[in-house]
Amino acid sequence: MNPARAPRERRSDARLLAVDAASGRHADLQVEDLPSLLRPGDLLVVNDAATLPASLQGRVAGAGEGAAVELRLAGAAAESVEATAAAPATATEDTFWAVLFGAGDWRTPTEQRPAPPVLAVGAEIALADALRAVVLEVSAISPRLLRIRFSLRGAALWAALYAHGKPIQYSYLRQEVALWSVQTVYAGRPWAVELPSAGRPLSWEILTRLRQSGVELAWLTHAAGLSSTGEPALDAALPLPERYEIPDTTALLIERTRRRGGRVIAVGTTVVRALEGAARAAAVSGAPGVRLAQRGVTDLILSPDSRLRVVDGILTGIHSPGESHFQLLAAFCPLDLLRKSWEHAGRTGYLCHEFGDLSLIAPKLAPELGYLPAR
């Protein structure tokens, strides 16, 4: 599968592979065709997290002094690797989980980057001017996964991050990307360290047409995390626990949609993790029905055996077998159908990764869809 190597100038030019999860029928469309695939009474739920400039270049200031490193933020400290939905950690505004890389930047594939120095608790990384990071904790998952505290707080910290940081990106891209190009049109709070990419092709024109056709829209905020580090043990632990917040209005819209027989369509795997993680937390707490918790941390990883409590379909990128996202998608349709759709996407030139094309996997799509060809 070929990656998209740059952001599209017109975000809605992405292709759309529509797959009926019940019948196995499909169609090759454009993202602009999305309103024709959804029905009045359906609910589209998006993740409105804005993307932080989460890549920070610096030098080690303690042991191993002078070594050049890159620090990639993995999420606020509430996303502790020990946190769960039932017992989330307490976040502070200056404390983050981060992954340490050796010298270099996005131009070198992550798995080929030199190993960073092994840092102990108390080590410091000088980033820019008065901005430093001190190591508070080294994760048992990997010595590269660190809980760090910045030397600045409040407005001074955010100003330094936005002045010094850059978006996280990977070596398949042709050029350095601007921060504005890794945002959705509806981005709000800066919670994500990587772009919640399934929502990027959705223009305001498409969202307006959806509303005009009777499809309702709802928002939640989910802190999309790192997609790759290049270290097998650390990549195997991804996605790490991530925080989310679901407004009351969104929870009520979901309840109303399900009562009326509409479909709940998640825009991206982060929305699925937030909604299904919240539903499981509510079930564990003994709350009646599936009234969704307002905020929490989810460590949920879906699989082909998972039972979906909230979400009926998903608008997502083109994911390959072996990726954790591919396993999550198998909760929406049989693995055989998922593999066929991936093979079809590869044969017909769909593009993958954050600036790539999309797939809609949902039951009871338009009847004129054709069958996915056998191998």
Side-chain angles (χ1 to χ4, degrees), residues 3-4 6-16 30-35 37-38 42-55 73 75-76 158 161-162 165-170 173 176-211 215-227 239 242-247 249-250 253 264-275 311 313-319 325 328 351-361:
R8 289 180 171 92
E9 289 188 16
R10 186 171 178 267
R11 62 179 64 226
S12 58
D13 282 344
R15 298 174 67 189
L16 176 64
Q30 297 295 126
V31 168
E32 290 181 327
D33 296 313
L34 181 62
L37 295 168
L38 302 183
D42 285 343
L43 177 67
L44 194 72
V45 185
V46 304
N47 178 7
D48 70 358
T51 308
L52 280 162
S55 168
L73 302 183
W158 290 105
L161 288 178
Y162 277 85
K166 294 183 178 180
I168 291 171
Q169 63 178 99
Y170 295 92
L173 294 171
E176 191 169 282
V177 298
L179 184 60
W180 65 264
S181 68
V182 292
Q183 311 295 342
T184 59
V185 298
Y186 43 76
R189 287 178 289 180
W191 275 26
V193 299
E194 290 192 17
L195 168 67
S197 54
R200 188 183 188 277
L202 298 181
S203 64
W204 281 118
E205 290 78 10
I206 292 173
L207 295 172
T208 299
R209 286 175 50 219
L210 284 164
R211 288 293 292 117
V215 175
E216 294 196 271
L217 304 177
W219 281 258
L220 58 79
T221 309
H222 181 105
L226 293 172
S227 59
E242 295 163 351
R243 61 177 170 159
Y244 63 85
E245 185 168 328
I246 302 170
T249 51
T250 296
L253 278 170
V264 176
I265 307 296
V267 178
T269 56
T270 58
V271 173
V272 177
R273 293 190 78 215
L275 292 178
V311 182
I314 183 170
L315 184 69
T316 184
I318 307 296
H319 300 294
H325 288 341
L328 182 152
L351 300 178
C352 62
H353 294 325
E354 66 268 39
F355 301 121
D357 298 310
L358 297 184
S359 177
L360 174 65
I361 304 173

Leu202: which of Leu210, Leu34, Leu217 passes side-chain contact (heavy atoms from CB on, under 4.5 Å):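 Option passing the side-chain contact (heavy atoms from CB on, under 4.5 Å) with Leu202: Leu34.
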When Leu360 is tested against each of Val267, Ile314, Asp33, Leu37 for side-chain contact (heavy atoms from CB on, under 4.5 Å), which residue passes?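 Between Leu360 and the candidates, side-chain contact (heavy atoms from CB on, under 4.5 Å) is satisfied uniquely by Leu37.
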At their closest point, which heavy atom of [X] faces which heavy atom of [Y], and how far apart are they?
| X | Y | value |
| --- | --- | --- |
| Pro201 | Leu358 | CG-CD1, 3.8 Å |
| Leu315 | Ala198 | O-CB, 3.4 Å |
| Tyr186 | Gly199 | OH-CA, 3.2 Å |
| Leu328 | Arg273 | CD1-CG, 4.2 Å |
| Ile168 | Leu226 | CD1-CD2, 3.4 Å |
| Arg15 | Arg8 | N-NH2, 4.5 Å |

Please determine if Lys166 and Glu176 form a salt bridge, counting it only when a charged side-chain N lies under 4.0 Å from a carboxylate O. yes
Salt bridge (charged side-chain N to carboxylate O under 4.0 Å, His left out) between Glu216 and Arg211, worked out: CA-CA 6 Å; Glu216 294 196 271; Arg211 288 293 292 117; 5.1 Å; no
Between Leu195 and Phe355, does a side chain to side chain contact (heavy atoms under 4.5 Å, CB included) hold up when you go through it step by step? CA-CA 9 Å; Leu195 168 67; Phe355 301 121; 4.1 Å; yes
Non-hydrogen side-chain atoms of [X] and [Y] separated by less than 4.5 Å:
| X | Y | value |
| --- | --- | --- |
| Leu43 | Val215 | no |
| Trp191 | Thr51 | no |
| Arg200 | Ser181 | yes |
| Leu52 | Tyr162 | yes |
| Leu275 | Leu220 | yes |
| His353 | Leu173 | no |
| Val45 | Ile265 | no |

Has [X] got a side-chain atom pairing as donor or acceptor with [Y]'s backbone, closer than 3.5 angstrom?
| X | Y | value |
| --- | --- | --- |
| Glu194 | Ser227 | yes |
| Gln30 | Asp13 | yes |
| Glu242 | Gly225 | yes |

So, using side-chain contact (heavy atoms from CB on, under 4.5 Å) as the criterion, who are the partners of Glu32 when residues are at least two apart?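 Glu32 satisfies side-chain contact (heavy atoms from CB on, under 4.5 Å) with Arg10, Ser12, Ile206, Arg209 once adjacent residues are dropped.
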Donor + acceptor pair across side chains of Arg189, Thr221 (<3.5 Å):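 Thr221 and Arg189 do have a side-chain donor-acceptor pair below 3.5 Å.
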The test is side chain to side chain contact (heavy atoms under 4.5 Å, CB included); show your working for Val271 and Val46 and say whether it passes. CA-CA 7 Å; Val271 173; Val46 304; 5.6 Å; no
For Trp204, does the CH2 atom have more than 12 heavy-atom neighbours from other residues, nucleotides or ligands under 6.0 Å away?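 Enclosed: over 12 neighbouring heavy atoms sit under 6.0 Å from CH2 of Trp204.
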Between CG of Asp357 and CG of Leu351, what distance do you get to the nearest 0.5 Å?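 Atom-to-atom, Asp357:CG and Leu351:CG are 5.0 Å apart.
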Would you call the rings of His222 and Tyr244 parallel, tilted or perpendicular if under 30° counts as parallel and over 60° as perpendicular?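 The arrangement is parallel - the two ring planes meet at less than 30°.
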Apply the test side chain to side chain contact (heavy atoms under 4.5 Å, CB included) to residues Leu207 and Val185: give CA-CA distance (whole Å), side-chain angles for both, the deciding distance (0.1 Å), then the verdict. CA-CA 10 Å; Leu207 295 172; Val185 298; 4.2 Å; yes
